[in-house]
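Structure first, then comments.
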Amino acid sequence: MEYNFREVEKKWQAYWAKNKTFQTENNSSKPKYYVLDMFPYPSGAGLHVGHPLGYIASDIFARYKRLKGFNVLHPMGYDSFGLPAEQYAIQTGQHPRITTENNIARYREQLDKIGFSFDWDREVRTSDPHYYKWTQWIFIQLFNSWYNPETNKAEPITALINKFRSGSLTIEGGWGEVWDTLSEKQQSDILLNYRLAFLSDTMVNWCPQLGTVLANEEVKEGVSERGGYPVERKLMKQWSLRITAYADRLLADLDALDWTESIKEAQRNWIGKSEGTSLKFNIAPSQIGEGWGDVFIEVFTTRPDTIFGVSFVTLAPEHELVEKLTIPAQKKAVDEYIAFAKNRSERERMADVKKITGVFTGSYVIHPFTGKQVPIWIGDYVLAGYGTGAVMAVPGHDSRDYAFASHFGIEKHIIIQPPVEWDFAEKSYDEKEGKLINSDFLNGLEVKAAIKKIISVIEAKELGKGKTNFRLRDAVFGRQRYWGEPIPVYYENGIPKVLNENELPLLLPEVDKYLPTETGEPPLARASSTWKKDGKFEYEYSTMPGWAGSSWYFLRYMDAHNDKEFVSKEAASYWQNVDLYIGGAEHATGHLLYIRFWTKFLNDLGLIPVAEPAKKLINQGMIQGDSRFVYKFYFVLIEGVTCFMKEPYRWYVSSDIVNKYQKGNSSMTREQLLNLIVNKSEVFQKNKIKDRDFQEFKFQPIHVDVNCVDGINLNIEKIKTWNLNNEFANSEFIMETGNFTCESEVEKMSKSKWNVVSPDDIVEQHGADCLRLYEMFLGPLEQSKPWNTSGISGVSNFIRKLWRLYHQSPSPIGEGRGEVFYVSNESPTKPELKTLHKTIKKIAQDIENFSFNTSVSSFMICVNELTELKCSKREILESLAILMAPYAPHIAEELWNKLGHEETITFAAFPICYEEFLIESSFNYPISFNGKTRFFQEYDRALSKEEVEKEVLTLEQTQKYLEGKTPKKVIVVHNKIVNIVI
RNA sequence: GCCCAGUUGGCGGAAUUGGUAGACGCGCUGGUCUCAAACACCAGUGAGAAAUCGUGCCGGUUCGACUCCGGCACUGGGUACCA
């Protein structure tokens, strides 16, 4: 009987569920191993074949670790708060909870069919109140903490209050008061400057279409990552998290992580540490009016060595001194410019990065070393949020300053002699190489030495001091949306206060509509008037962003049902952190930074024993869609010619024909093309349309569902019933040969491009084991690749071949091969053992290296060889079943069962490779001449280098290639290669 | 612009430390089985008539380079004036 994957897979999935095979205990004598997948957002479209790629890889690894004797934690859950469900709710009125639950049910069904070894008893959903209670609880801890720069960690805010109270820390902001004499409001305002979760007026990314603010990571190229809506800068009172306090540690700890270099680089760039110095420029005395006091412009620069090259100073348009420094004559121009800069959206700014804009204030500063007057400009290439919002411009050695100076005709000074030829009329010299010139006391120094020297001078003269800046911004934490965790804050007399632990969770209230109120408040403001703290204080109306729940979920899996703590100390100390984390690289600077931040914070408070969430991270590549297009034929007939037909009627032309006409190889003329179409079309024939009747025509490629196409050949019957406004029902398909071919293109897999392939179809047709093996066989895990099912038959055949290996003759019972299960208890032969142990070695290596594609090949080779050897030895076949189990668990379980085992294969012992079976007595040396292999010669492995050399030179073939010459040199690498140099 | 990854037959890809380039699979070609087809099985398959040539291009190191070094091109991803 042939292998019946449908029956077998269903049977074992039911077995695993019933016996809770993958349920994991929090204590065990076995060593622990934690394998985690980035959990999915359950979208309405369901899983496509790209999703399971990482899940299959992690599942193989988890199953492998179980076979290796580890206590494996391998959970799954859902990141179930998010925009799509809410957008759907706005459109349909259906509560996002319902949509989300339906979507989760569908995801679960799809996941179950693939045979993953998840411990579903630990499932988490971020939108579940039992879960978000603890997300809120962590927020409260953030609110109640500050970052102590002395101990370099987060500490309770009460410690800070004590410092203020005792006077060991001065209260900043010119309060100069005794703490206890300050009002509650004043105290609250001061503390908000320290709390790790704080409320402040910040420039935020406001997305009007989504009606919410977005984090920097959620904005791509000036538009929202989800939906692609324009984003603008806006000053708003917002909850933020002080991630910048952790910038240094987030950067430094990257080095020790076993993550891909590209992700670490992305994080390093995002954090963007730059070391430089601050520097004061005094305002020229002539500018200073009455009552100005001690006014100066402070700039931040990483190139203090270029101080003598400064030819102007630029302020950001938002800089606080702009108004003061603008002279009356320039006021109009400056006001206009600031208005212009303000109204430019982020997208516009990015779109014309090259466009240089700015305006002169009319004022000057005094150069701190030369004493000369330096003009003050305003330019929006200077960002208010970075450094001090002011720069010293050195056009000769900074390309942005160069562009600005060139545009406005400001002088440029050359103060570094480039070590290479340089045309300063062309561009600035930005490199940190070369000797200083025209720079007074810095002359003759190399750049690096000059930087050192100037900083010491600046510090000695108290003009500024060494300073580090980060590109990383604090993370905006509030969203003006409904479907998220309520922020556990209420306002008492305008003072934000957090709830007590026993008041959690603060449940998401019911609302009549999921839209902002008429007054522009977030949807939570629609909650009933009784939704108030103690019936009187208003709650915060913002909810948390999508990344809140995912920033700590790896901890909840350790102790998913704990209603006393977010995770128990015992569970956290047993599981520590994730040993292997698999997910997409798109989370490089978002999720992966936040989860590290929260982990460090919880670690600082002593709540968990680790400071990093995941030791090893693997990024699976994206599976792209392979889209198919058909060419639609549009035409205009010349005047007077009419074509009668039932409306609507359409023509599609096979791509091979269109390409012959279009691809510029002129293998088909316009007449030939039209003739062909006219001849093949019944309608044109009936209406006696001729090629000359066409005034003009064109072909337009339109997407068709890839599921209606076999390779590139369109299934015409299928497409006619494909329900896209009945587009294809009443149509003619013009083709030359028997096949109607489509165009193809690799694009992102998306519903709108009709190139989505669901894993369900593959599982239905070929089985889960086949899907698992095929997704792995496709190529290296980390590489992106288009989905293409053309090779799936190879894997499908392999599974059948594997099955037959356990059923092959000599069977004492059945007649034909593959009829009856049969293994023999005889001792295996040497070649059989060699094949097995070679495979054990390879598979173990491959799994450890996450090279799953090559292990599938090895299995194929193994099965091919054993089939060839007609092997039916129990000793071999049992080991093979275990080897296969992580990859193709269903068939492995079935074979294991037939081999007579009552228990699941999950906890069998991974076979051990014995090298002695791999040793061969001889080696087939490749004999090469000048590095090119020409022939082979077999010698005993014990033969020495010298003996091999002697033997090779006597060979007839060697003489042939030597052509009578004496070899210059003969290299023999023992049991590797012989190379003869002529 | 900057950063990262990649470029190997018709296709997906393999080659573990510099040592047989193209494993394995798809596709294709021929054959066996069949009334026929599908399935299955067997054989062949980088190019070239051959000598030889071949891992994006140019150069280097080496007895020997897909692998190391220098330069360039292209593709994909990230980032966007961060002083």
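Naming convention: chains lettered A, B, ... in sequence-line order (proteins, then strands); numbering from 1 in each chain.
Distance from the side chain of I861(A) is smallest for rC24(B) among the nucleotides rA14(B), rA83(B), rC24(B).
Across all strands, F798(A) comes closer than 4.0 Å to no nucleic acid atom at all (heavy-atom distances). Nucleic acid contact class of N788(A) (heavy atoms, under 4.0 Å, all strands): none. Residue E586(A) is classed as having no contact, given no heavy-atom separation below 4.0 Å to the nucleic acid. Within 4.0 Å (heavy atoms only), R268(A) reaches no atom of the nucleic acid at all. Using a 4.0 Å heavy-atom cutoff across all strands shown, D401(A) reaches no nucleic acid atom at all. Using a 4.0 Å heavy-atom distance criterion, P786(A) is classed as making no nucleic acid contact. Residue S851(A) is classed as having no contact, given no heavy-atom separation below 4.0 Å to the nucleic acid.
Between Q783(A) and rG13(B) there is a side-chain polar atom (N or O) within less than 4.0 angstrom of OP1 or OP2. Between N864(A) and the phosphate of rG25(B), there is a side-chain N or O to OP1/OP2 separation shorter than 4.0 Å.
Here rG9(B) is in the syn range [glycosidic angle within 90° of 0].
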Under-3.5 Å N/O pairs linking protein and nucleotides 61-63 of chain B:
| from | atom 1 | to | atom 2 | distance (Å) |
| --- | --- | --- | --- | --- |
| rC63(B) | O2' | N979(A) | ND2 | 3.2 |
| rC63(B) | O2 | N979(A) | ND2 | 2.7 |

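At a cut-off of 3.5 Å, with distance as the only test, no side-chain donor of K838(A) or S858(A) sits close to an acceptor on the other residue.
For F408(A) and F312(A), the ring centers sit 6.0 Å or farther from each other.
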